[in-house]
Amino acid sequence: MIVWEAHACLPLHPQADFAPIDRLRAAGVNYVSINIGMDMNPLSQVMSVIGGFRATIAEHPERYVLASGVGDIESAVTEGRLAIGFDLEGAMPLLDQPEMVALYRDLGVRQMHFAYNRNNSVAGGCHDAEQGLTSLGRRMVAAVNEAGVLMDCSHTGRRASLDIMAASTQPVIFSHSNPLALVEHGRNVTDEQIRACAGTGGVVCVSGVSGFLGTRTPTADDVARHAAYVAEMVGIEHVGVGLDISFHQEGLDDTPPGDFDATYWWPKSAGYDRAVARMTYTPIETWTLLAGALQRTGMTADEAGLVMGDNMMRVARHVWR
Ligand SMILES: [Zn+2]
């Protein structure tokens, strides 16, 4: 079994400490996708973060490998290393150029979505007026498919996500999204979106974030309950986990430079109290408790293994080239 953490956030700072990533490895994680930028981050910050993270990974070849394919994950498991990929949250750092997708892939980006909560020139965000995929967006989907990057729809608006899933020739994932039927929140996804994702052969990875799980102190059982809902509706092969733990670090300010308005990106009207910092996350140890929690929902040990990572391995084997 491969344990796949579909989304985690270090401070967006080149000197971010990878200690939390080591703790994920100690908790049994084999592959982690780390955020390297969102729509609110200027290109200078995104590039600085990629440079810093790549250097940290390269300095510790005994601990990490920047995965360029599933073979790197499989060998990392036998060598006791952690495989890492980067993810991009939003299309704005692509500068309206589809050919930028392959450049990010070459820098280690293995997964991307197009709109971080707000609308942009490529797609609609989940906390904005409904806007589908634009004509530029259609070219972007083709570029993501062509580059062998995982097409993600978290944070994306409903109409845009349905457009993306219809346009993509490859399986599409939600890397950190929970069912709206269980918790009414704009970041959560409808049954229609979940069915469309499964229809592409993709995976809905449920998060461990308090506001999206509908609990103040989220546990492995809360994550398992949301995973079981998706499994019940579209089948066990379409469920994964992206806990979305955000590791803040003292002294590392990663606020975007300039006039940054957090209430624009995380609007109060959508249930955010000033900033996402008020959200709480499941602890890293959730990964050691999850197999048991999933089985308490009625899954077999093998089914829990599919949810914890084997489903994402299947999709990556198909998409990454
Ligand atoms: Zn996110």
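Counting convention: from 1, in listed order, for ligands and their atoms alike. All values reported here derive from a predicted model rather than from experimental measurement.
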Exercise for the section: State whether Y264 and R118 meet the cation-pi test: NZ (Lys) or CZ (Arg) under 6.0 Å from the six-membered ring centroid, and within 45° of the perpendicular axis. Expected result: yes

Problem - N, O or S atom of H7 closer to the Zn ion (ligand 1) than 2.8 Å - result: no

Exercise for the section: Taking both backbone and side-chain atoms into account, decide whether C9 has an N/O/S atom under 2.8 Å from the Zn ion (ligand 1). Expected result: no

Handout entry: Flag, side chain of S154 to backbone of S175, donor-acceptor distance under 3.5 Å
Key = yes

Exercise for the section: Could you grab the distance from atom CE of M112 to atom CZ of F86, nearest 0.5 Å is fine? Expected result: 13.0 Å

Problem - N, O or S from E89 under 2.8 Å to the Zn ion (ligand 1) - result: yes

Problem - Ring centre gap for Y272 and H185 strictly below 6.0 Å - result: yes

